[in-house]
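Some notes on the structure that comes next.
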Amino acid sequence: MATQGLHLILLIFFNHLICLLGRKQGAGFIYNGFPQAQADLHLDGSAKILSPDGLLQLTNASSQQMGHAFFKHPFDSSEKNFSFSTHFVCALVPKPGAEGGHGIAFVVSSSLDFTHADPTQYLGLSNISTNGSPSYQLLAIELDTAKSAEFDDINKNHVGIDINSLRSIESASASYYSNTKGKNQSLQILSEEPLQVWVDYERSLLNVTVAPLRIQKPNHPLLARSINLTEIFPDHKLFFGFSAATGSLVSYQYILGWSFSRRRELLQRLDLLKLPQIPHPRAKQKQTSPLLVVLFVLLSLIVLAVLGGVHLYRRKKYAEVREAWEKDYGPHRFSYKSLYKATRGFEHRLGKGGFGEVYRGNLPHIGDIAVKRVCHDAKQGMKQFVAEVVTMGSLKHRNLVPLLGYCRRKGELLLVSEYMSNGSLDRYLFHREKPPLSWPQRFVILKDIASALSYLHTGANQVVLHRDIKASNVLLDSGFNGRLGDFGMARFEDYGDSLPATAVIGTVGYMAPELTTMGTSTRTDVYAFGAFMLEVSCGRRPLDTKVPAEKRHLVKWVCDCWRSDSLLDAVDTRMGGEYSEAEVDMVLRLGLLCTNVSAESRPNMEQVVQYISQNLPLPIFSPDSPGIGVYIPVLLEAAFTSRSSLAPSDSLPSPHNSMFVTHTITYGDGR
Ligand SMILES: *[C@@H]1O[C@H](CO)[C@@H](O)[C@H](O)[C@H]1NC(C)=O
Ligand SMILES: *[C@@H]1O[C@H](CO)[C@@H](O)[C@H](O)[C@H]1NC(C)=O
Ligand SMILES: *[C@@H]1O[C@H](CO)[C@@H](O)[C@H](O)[C@H]1NC(C)=O
Ligand SMILES: *[C@@H]1O[C@H](CO)[C@@H](O)[C@H](O)[C@H]1NC(C)=O
Ligand SMILES: *[C@@H]1O[C@H](CO)[C@@H](O)[C@H](O)[C@H]1NC(C)=O
Ligand SMILES: *[C@@H]1O[C@H](CO)[C@@H](O)[C@H](O)[C@H]1NC(C)=O
Ligand SMILES: *[C@@H]1O[C@H](CO)[C@@H](O)[C@H](O)[C@H]1NC(C)=O
Ligand SMILES: *[C@@H]1O[C@H](CO)[C@@H](O)[C@H](O)[C@H]1NC(C)=O
């Protein structure tokens with residue numbers, strides 16, 4: 001153990017001794033990076049050793065910089081056959097966006113004093129007055145990245161040998177001999193890639209070789225020049241090191257590693273893996289990029305927000321209310337989007353009703369449609385109502401306006417039915433601009449509506465009441481057939497704001513007297529149909545406040561005419577007397593029969609159809625028959641006080657649920 005320990009101590013001691021001797025004799029040194037080299041190096045100007053891995057930075061990319069780094073201890077060149085060999089790795093990294101310059105020089109100098117030297121093309125080695133002076137005692141191998149006309153530089157990417165002057169005695173464009181390819185390869189000095197340089201001096205011959213990193217030393221030097229060092233350095237005192245400068249042209253200039261030996265065969269290999277990393281000036285780019293990143297992110301956010309907004313807007317625009325129980329009605333449900341498109345954004349308004357507006361549209365595969373938008377607040381009753389809508393959809397009769405389906409949104413219900421091209425009957429009866437209907441047309445329409453109502457009362461699976469028969473709820477198809485409109489679609493045009501009042505009065509005129517006390521039934525529909533028959537024949541509303549009091553109540557007035565033996569005086573004068581007196585007479589008397597104040601005495605709709613199609617003769621009765629042509633003003637007051645009195649209170653929920661008033665459909669009650 002003891003002897004081993006002694007051996008170790010001796011070994012260490014001798015190693016140290018050899019090292020010291022080597023240093024003393026100036027045999028050589030090696031730096032794979034310069035982390036511990038501060039003590040041995042003389043640095044000035046912008047030169048500094050960067051932590052952590054000891055990268056030697058000669059200049060940064062500021063202008064007018066120069067930096068020197070020299071091995072502190074001089075070498076003596078007086079001995080015979082003086083030689084040296086060196087290998088170093090440098091990097092000249094361009095500043096992004098700037099033209100690089102000026103370069104690095106490997107320098108052999110008799111002095112470490114460069115205080116009077118200039119940067120830029122002088123590379124921190126001389127100034128304008130000392131350049132070329134033999135007293136200067138300087139040998140430099142320049143890696144020049146700027147073309148200085150002053151020194152006859154061949155280009156801005158060359159290697160040169162300088163003696164006392166920056167005007168090279170020998171120079172060549174940067175290239176290397178590729179041992180593997182057997183030919184010269186060009187090389188970029190100013191790049192982000194490190195560069196290897198070998199300088200060998202032996203027997204008065206100076207060889208300079210360059211190559212990219214990770215390439216074996218080329219077999220042939222780039223420059224070879226016979227040089228008498230004794231002539232240049234008569235004092236035999238040589239300092240070895242580097243100089244670099246920037247001018248208005250700038251670049252980062254680094255030395256990564258440096259091996260030096262007095263004898264070529266003793267030159268230690270640089271360990272390329274241990275060399276420090278050069279900072280890529282992309283890091284510099286990162287300083288500006290945060291702004292770009294922020295801008296980009298901001299832009300992305302804006303785009304996202306806009307897209308999201310559009311999406312939300314569209315979702316909101318087309319939002320619907322859909323509940324689980326509606327699944328059963330799936331086929332009758334339209335999407336709001338499809339209706340929105342069908343009506344081109346509810347562009348073409350057909351009319352404005354008391355409870356909503358009607359729009360015309362066109363659905364592919366279905367054709368022309370009318371869409372009524374009904375406002376609703378009522379939650380309760382909605383289910384029942386939708387069920388009724390679906391029932392309506394199942395009602396099929398040639399004199400009913402087919403209901404195609406519905407759509408629900410928040411606070412809104414949309415009802416879709418077929419479009420009736422000739423509008424509502426009341427337009428032909430009461431609006432001067434339309435041609436008056438002839439009697440045969442009117443008679444056909446009356447028969448049509450009687451047939452439709454009879455179907456509702458008896459032909460469908462359940463008893464369906466219409467509740468609101470009147471001219472404005474009768475629509476005319478393209479063939480001028482009468483179609484019973486289900487949802488007040490007939491309220492086309494011309495009504496404007498006065499409509500609600502008109503609606504109440506009009507509706508009141510068709511109301512059976514027992515309605516407010518007994519509720520709706522098939523008999524109240526019959527009463528309304530009776531009033532409707534008189535309306536169509538006389539061209540007058542059942543209750544018209546604008547005419548003299550004796551004519552105001554149509555049922556009463558028609559009866560009065562009959563009583564004074566002039567029943568046909570009641571007939572619409574717009575027909576110009578062209579009508580079948582028998583038919584008109586029959587229709588007027590049937591109207592009176594249907595408006596008997598006594599509900600039980602009215603015929604039912606099946607009988608009405610029989611009478612109006614003249615399959616059965618009317619029963620014989622006189623204008624003085626009890627219950628005929630009676631006007632009951634008390635009920636009118638009651639009806640005026642509240643519209644909700646129209647809505648049957650037990651079967652249908654709230655007075656809010658205004659659509660039940662106009663929408664005129666229920667089943668199960670009555671009869
Ligand atoms: C370069 O170094 C000098 C000091 O030597 C400093 O003033 C300057 O800001 C540095 N420039 C850059 C671009 O780092
Ligand atoms: C110097 O070089 C000559 C010729 O190459 C050689 O003969 C001589 O031994 C060398 N001297 C020393 C000290 O190396
Ligand atoms: C050039 O350098 C020398 C010393 O090396 C100095 O005496 C002289 O003043 C300098 N000239 C200029 C123009 O800087
Ligand atoms: C210098 O290069 C020449 C070939 O150009 C070669 O013969 C010579 O040995 C080289 N000398 C050194 C010291 O590398
Ligand atoms: C390679 O370059 C060197 C130095 O510039 C030159 O002497 C040599 O002739 C070139 N060789 C080839 C193959 O081009
Ligand atoms: C080098 O120069 C010195 C002094 O000028 C001279 O004595 C010597 O012979 C020269 N050596 C060679 C190899 O030319
Ligand atoms: C009724 O509708 C048909 C078909 O759309 C049309 O040709 C006709 O002109 C309309 N009649 C009136 C009076 O508007
Ligand atoms: C009208 O109703 C009353 C009361 O039920 C009845 O007496 C009368 O005969 C009815 N009139 C007609 C024409 O049926």
Side-chain angles (χ1 to χ4, degrees), residues 43-50 55-69 93-98 100 119 124 244-254 279 281 283-285 287-288 350 360 362 367-368 370 418-429 431-438 441-442 444-445 475-483 492-493 512-514 518 523 526-527 530 555 558-559 562-563 586 588-604 607-608 611 617-630 632:
L43 301 178
D44 69 30
S46 59
K48 57 184 167 194
I49 293 167
L50 303 180
L55 178 64
L56 174 56
Q57 182 185 59
L58 293 173
T59 68
N60 62 15
S62 289
S63 61
Q64 305 296 331
Q65 304 264 314
M66 56 179 178
H68 303 102
V93 180
K95 181 182 181 178
T246 63
S248 54
L249 304 173
V250 297
S251 46
Y252 299 91
Q253 307 185 100
Y254 305 106
K284 182 101 174 128
Q285 263 181 330
Q287 283 181 349
T288 58
L350 289 170
R360 184 174 173 178
N362 187 284
D368 286 342
E418 250 176 46
Y419 175 71
M420 297 288 121
S421 55
N422 280 314
S424 67
L425 175 61
D426 66 334
R427 289 205 298 188
Y428 296 90
L429 292 178
H431 295 227
R432 297 285 155 201
E433 73 273 16
K434 290 278 178 183
L437 294 170
S438 68
Q441 284 175 317
R442 297 185 196 213
V444 164
I445 291 164
L475 299 176
L476 300 175
D477 65 17
S478 53
F480 266 93
N481 298 304
R483 300 278 201 121
F492 288 172
E493 295 172 354
E514 81 279 8
M518 309 284 287
R523 305 287 178 178
V526 171
Y527 184 96
V555 173
V558 170
C559 196
W562 185 21
R563 197 173 287 122
M586 185 272 291
L588 289 176
R589 282 187 291 126
L590 181 56
L592 292 176
L593 199 62
C594 292
T595 53
N596 193 334
V597 286
S598 161
E600 302 77 40
S601 303
R602 292 170 208 151
N604 63 33
Q607 290 169 319
V608 169
Y611 294 139
L618 281 185
I620 309 291
F621 66 102
S622 79
D624 299 317
S625 166
I628 296 295
V630 177
I632 302 166

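Whatever order the structure lists ligands and atoms in, that order sets their numbers, starting from 1.
At under 3.5 Å, a nitrogen or oxygen of Ser62, whether backbone or side chain, sits near a nitrogen or oxygen of ligand 1. Considering backbone and side-chain atoms together, Ser46 places no N or O closer than 3.5 Å to any N or O of ligand 1.
The contact set between ligand 8 and Phe621, taken as ligand atoms under 4.0 Å from a residue heavy atom, comprises 13 (C). For ligand 8 and Ile628, the ligand atoms under 4.0 Å from any heavy atom of the residue are 11 (N), 13 (C). Residue Asn60 has at least one heavy-atom neighbour below 4.0 Å for each of these atoms of ligand 1: 1 (C), 2 (O), 3 (C), 8 (C), 10 (C), 11 (N), 12 (C), 14 (O).
Panel note: side chain Thr246, backbone Ala61; no donor-acceptor pair is recorded below 3.5 Å. For Arg442 (side chain) and Leu437 (main-chain N/O), a donor-acceptor pair under 3.5 Å exists by modelled atom type.
When each of Gln253, Gln64, Gln65 is checked for a side-chain hydrogen bond (donor to acceptor under 3.5 Å, both in side chains) with Thr59, only Gln253 meets the rule.
Residue contacts with ligand 8, taken as heavy atom pairs separated by less than 4.0 Å, involve Leu593 solely via side-chain atoms from C-beta onward. Residue-level proximity to ligand 8 for Pro626 is carried by backbone and side chain together, each with a heavy atom below 4.0 angstrom.
One distance of note links CZ of Phe621 with OG of Ser601; it measures 11.5 Å at 0.5 Å rounding.
For Asp477, the salt bridge (Lys or Arg N to Asp or Glu O under 4.0 Å) partners two or more places apart in sequence, or in a different chain, are Arg483. Residues satisfying the ring pair (Phe, Tyr, Trp, His ring centres under 6.0 Å) criterion with Tyr254, sequence neighbours excluded, are absent altogether. The side chain to side chain contact (heavy atoms under 4.5 Å, CB included) search around Val630 returns Val597, Ile632, not counting sequence neighbours.
Within the cation-pi definition used here (under 6.0 Å to the ring centroid, within 45° of the axis), Arg602 does not qualify as a partner of Tyr527.
Under 4.0 Å from any atom of ligand 7, one finds heavy atoms of residues Ser421, Asn422, Tyr428, Ser478, Phe480.
Inspection of the Ser598 and Asn596 side chains reveals no N or O donor paired with an N or O acceptor under 3.5 Å.
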